[in-house]
Amino acid sequence: MAEVQDIEIRDSAARSAAAAEELQDAHGEKMVLNMGPSHPATHGVLRIVLELDGEVITKADPDVGYLHRGDEKIAENMTYTQFIPYTDRLDYLAPLANNVAYALAVEKLLGIHDKLPPRCQYIRVMCAELARISSHLLGLGAFAMDTGAVTVFLLTFTEREKIYNIAEAASGARLTNSYTRIGGLMRDVPPNWVDMIRVFLKEFAVALEEANTLLTRNRIWVDRLRDLAVVSKEMAIDYGLSGPNLRGSGVNFDLRKNQPYLCYKDLDFDVALGSVGDCYDRYLVRMEEMKQSMRILEQCCNKIPGGAENKSHEPVSIQDGKITLPSKQKVLSSMEELIHQFMLVTEGVNCPPGETYFGHENPKGELGFYINSKGGGTPYRLKIRAPSFINLSILGELLPGCMISDVPVVLGSLDFVMGESDR
Amino acid sequence: MSALESANKIKAKFGDLIAEPTEFRGEITLTLADPEKIFDVCQFAKRSLGFDYLVDICSVDNYGEDPRWTVVYHLRAIGNGDEIRLKTDVSEEKSELPSVLPIWRTANWHEREVYDLMGIRFSGHPDLRRILMWEGYPYHPLRKDFPLAGKPTDLPGVAFTKVTPMEGGPFVTLPSSGDSIAREPRVRTPEDAEPGVSDKRLVGGKLK
Amino acid sequence: MQSQTEYGYNSKIEGDVVLTTVDAALAWFRKNSVWPMPMGLACCGIELMAVGASRFDISRFGSEVMRFSPRQSDCMIVAGTVTYKMAACVKRIWDQMPEPKWCIAMGACASTGGMYRSYATLQGVDNIIPVDVYVAGCPPRPEAVLDALIKIQNKISTQPILQGTVAAKLLNLQEK
């Protein structure tokens, strides 16, 4: 015989009272949500452990290190030139800028960073500014895609493909260029390079205006970004922010202006500053920086020593056999150059003992290299001061108080990249 | 140069604790003799001299020398752009420094990274745990006596590491505090090769 | 007089009927709708995004959407360096993907650890998950990734689907 079970059918008032009682028990309990390393909106492998009270975040603990590859230890076992490909992969959205930063840091240790040939300086500046545009474009595209505006992503990627073409013409690779060498560049740019950049600038102006029209005065965009995650001036300086994050809070500090290197002294450009320090300001600073980079590129195209085709054969590397590789004809015919080539390739550039720090204005912030050398061709200690690592540390203070759907907006506005953060 | 003026002011205030400021490639370096005083020096630098921006905290392993650790602080004054470097030596037995987190909040993650990779503790840090390696990793990888290939570990269910094969691969320098010629693999003899790591390209072409 | 090109079958003779095996038809459906699960970890992740963007357009091969949910995807593209800290997470996501699933190891770091021979890098993702196609390059050109996808499609077209299953027995499709 089947078992008989009594089912109590309560009336609706009793049922809603029971439900309210259950809700009362749940009220005050916080939920821990793991925004895991594999997530479409975390811009790489970042893990944030969020404590939520309903939809509002009460605590945020970012967990980095999922891309820690041991770059600094590898650097102690490589010559200075052998480490250049590793610098590409730090901020992999702007590899040319990292190459320039590292080359300048080693050249500062050697004492030649202000004695580079002028053509080399101009080409390096153009590479750095192209990298800046490329990085800001991807930051903007991914940021917009995370908030829902997918069109901007495809728009910015098309422009980035044009920058890839330009970088490929100069160095041979689309993404990880390794274009600079200690004391100069890998090789001179092809004769049509400057024209490629001029054509790109014309087309990019149109595309940037399009992205501007789509986003800047867009009601949804402004509503989502305005007054969110405000970083005051004091907070920005205290937390060591750099780059557009620092300038978005109103601090007028740009390494290209305050500690000029290469030929930035001869170029005319403005520094974009925010006023409030919210996500919208940081977005506007990045848009304006792209416009200023276009201005710098325009000037460099007109002023590059040797002109586009380098008919006067200006050197692009320091002509010193102890620092840069001599030309192949000399190596194969003359003893001194053969020895220089041998020493440079096997032992590396002989750097004096001492320590230097060089900070470069990367698109993400200040990329700094602290090199502690005890002489010889490999560094004793190489520390990479990664802007993304430091920019991320502010998340623990910035996220509490925001809603959970604001998290992609805050992450996108800080514009970090995990390759650099974790090294 | 006003960075030199600031350095001289620090020397004037702290007297014998600070060595004479040295200059190399346009940068001023100050060495502090007593690591316990780093908090006071940094506070003086921030409050009285305007170094409100901490650029970087770095650690160096002077393997084979005593004191073993050197901790390097890079300070900057945002207003006028002056930069200064503060160095202090910590012995291996102590391996501890006061934290400068109350002065600059950016020191939080820098000190966690130094602890994680080098093993130097910071007293007064509210949350000193590993940041780049996972919680429970037993070693401090950036030390000179830790091999580049890594050591095997096991944290069941979470993480593991194996020794990376280095045969025929890049050359690996020896841990020592000498210059790079002294650390090179070509200087090595078969006797002092590390056990378990074979380097077929040895001096004299002798294979192990 | 109009010239007619014959495409292998003439509808006037065969009469709008195509003959094939069930397996071949199912494989055709399957291979032209491989939805990737992008495990974009490092620089190769950027080239993966470029493959999905408009110049190289992976969706013309059927990979219309990059599904970030493992339960909805067919092919995991491991793009970037897998560190030991991340390895457990990659394995977990692989386990959550339903059969049939394939894996592309994109780039040098995912295939063998790449140039990062260090204490923190897993020397190849094939230490933890079975890989079908390895793509060389650092990062590989988007064309190389598309080539890998085509190789996966060729592999899918040769895999038996209904052969040896209960459904085949019921439909009397299996050879006695």
Side-chain angles (χ1 to χ4, degrees), chain A residues 34 36-45 47 63-75 77-78 82-83 85-86 88-95 134-135 138 141-142 145 151 153-162 164-165 168 173-176 178 417-420 422-423, chain C residues 37-57 59 65-70 73 76 78-94 96 107-109 113-123 137-144:
Chain A
N34 176 50
S38 171
H39 192 282
T42 56
H43 298 262
V45 284
R47 174 173 173 236
D63 184 13
V64 299
Y66 286 89
L67 201 54
H68 175 65
R69 302 176 269 204
D71 270 352
E72 295 176 0
K73 195 155 179 91
I74 290 174
N77 296 287
M78 299 255 156
Q82 284 175 332
F83 191 65
Y86 292 89
D88 276 329
R89 285 131 178 106
L90 284 176
D91 174 6
Y92 38 77
L93 307 175
S134 170
S135 167
L138 191 138
M145 186 167 71
T151 314
F153 173 77
L154 293 169
L155 197 78
T156 57
F157 258 76
T158 315
E159 297 308 310
R160 290 193 88 231
E161 288 290 335
K162 294 177 190 158
Y164 280 170
N165 284 344
E168 197 176 1
R174 283 158 53 98
L175 191 59
T176 48
S178 304
V417 64
M418 294 319 284
E420 189 178 56
D422 297 340
R423 285 152 273 146
Chain C
M37 159 85 213
M39 185 58 64
L41 304 168
C43 350
C44 282
I46 305 301
E47 281 297 59
L48 189 62
M49 287 157 81
V51 177
S54 33
R55 185 177 179 185
F56 296 102
D57 201 15
S59 68
V65 276
M66 297 264 181
R67 281 294 186 213
F68 280 91
S69 168
S73 51
M76 176 187 262
V78 184
T81 321
V82 188
T83 56
Y84 287 116
K85 192 170 179 181
M86 189 66 194
C89 177
V90 175
K91 178 84 171 84
R92 223 154 156 195
I93 293 188
W94 174 256
Q96 287 176 30
C109 291
M115 64 182 192
Y116 290 101
R117 288 216 212 187
S118 67
Y119 55 88
T121 312
L122 185 65
Q123 300 294 301
C138 193
R141 275 197 71 102
E143 289 97 335

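Here is how names work: the chains are called A, B, and so on, in the same order as the sequence lines, proteins then strands, and each is numbered from 1. As the structure is a prediction and not an experimental result, all values here were calculated from the model.
For a residue to count as touching a neighbouring chain, one of its non-hydrogen atoms must lie under 4.5 Å from one of that chain's; by this rule A/I74 touches chain C with the side chain only. Within the 4.5 angstrom heavy-atom criterion, only side-chain atoms of A/R174, from C-beta onward, approach chain C. Neither the backbone nor the side chain of C/C109 comes within contact range of chain A; no heavy atoms are under 4.5 Å apart. Only the side chain of C/T121 comes within less than 4.5 Å of a heavy atom of chain A; its backbone N, CA, C and O stay farther away. Residue A/P95 does not touch chain C at all, counting heavy-atom pairs closer than 4.5 Å. In this structure, the portion of C/I93 lying under 4.5 Å from any heavy atom of chain A is its side chain and not its backbone. For A/D63, the part sitting under 4.5 Å from any heavy atom of chain C is the side chain, from C-beta outward, and nothing else. Looking at A/E420, there are no atoms closer than 4.5 Å to chain C (heavy atoms on both sides), in backbone or side chain.
With chain C as partner, the option from A/A173, A/A142, A/G70, A/G141 having the largest number of non-hydrogen pairs under 4.5 angstrom is A/G70. The choice from C/S54, C/G45, C/A50 that makes the most heavy-atom pairs within less than 4.5 Å of chain A is C/A50. Comparing C/R141, C/M86, C/M115, C/M49 by how many heavy-atom pairs each has under 4.5 Å with chain A, the most go to C/M115. Contact count against chain A (heavy-atom pairs under 4.5 Å) is highest for C/C43 among C/C43, C/A53, C/S118, C/A120.
Taking every heavy atom of both residues into account, C/M39 and C/V90 meet most closely at SD-CG2, 4.1 Å.
The aromatic rings of A/F153 and A/F157 lie tilted to each other, with the angle between the two planes from 30° to 60°. Using bins of under 30°, 30° to 60° and over 60° for the plane-to-plane angle, the ring pair C/Y119/A/H68 lands in the tilted bin.
At distances below 3.5 Å, at least one donor-acceptor pair connects side-chain atoms of C/T83 with backbone N or O atoms of A/Y66.
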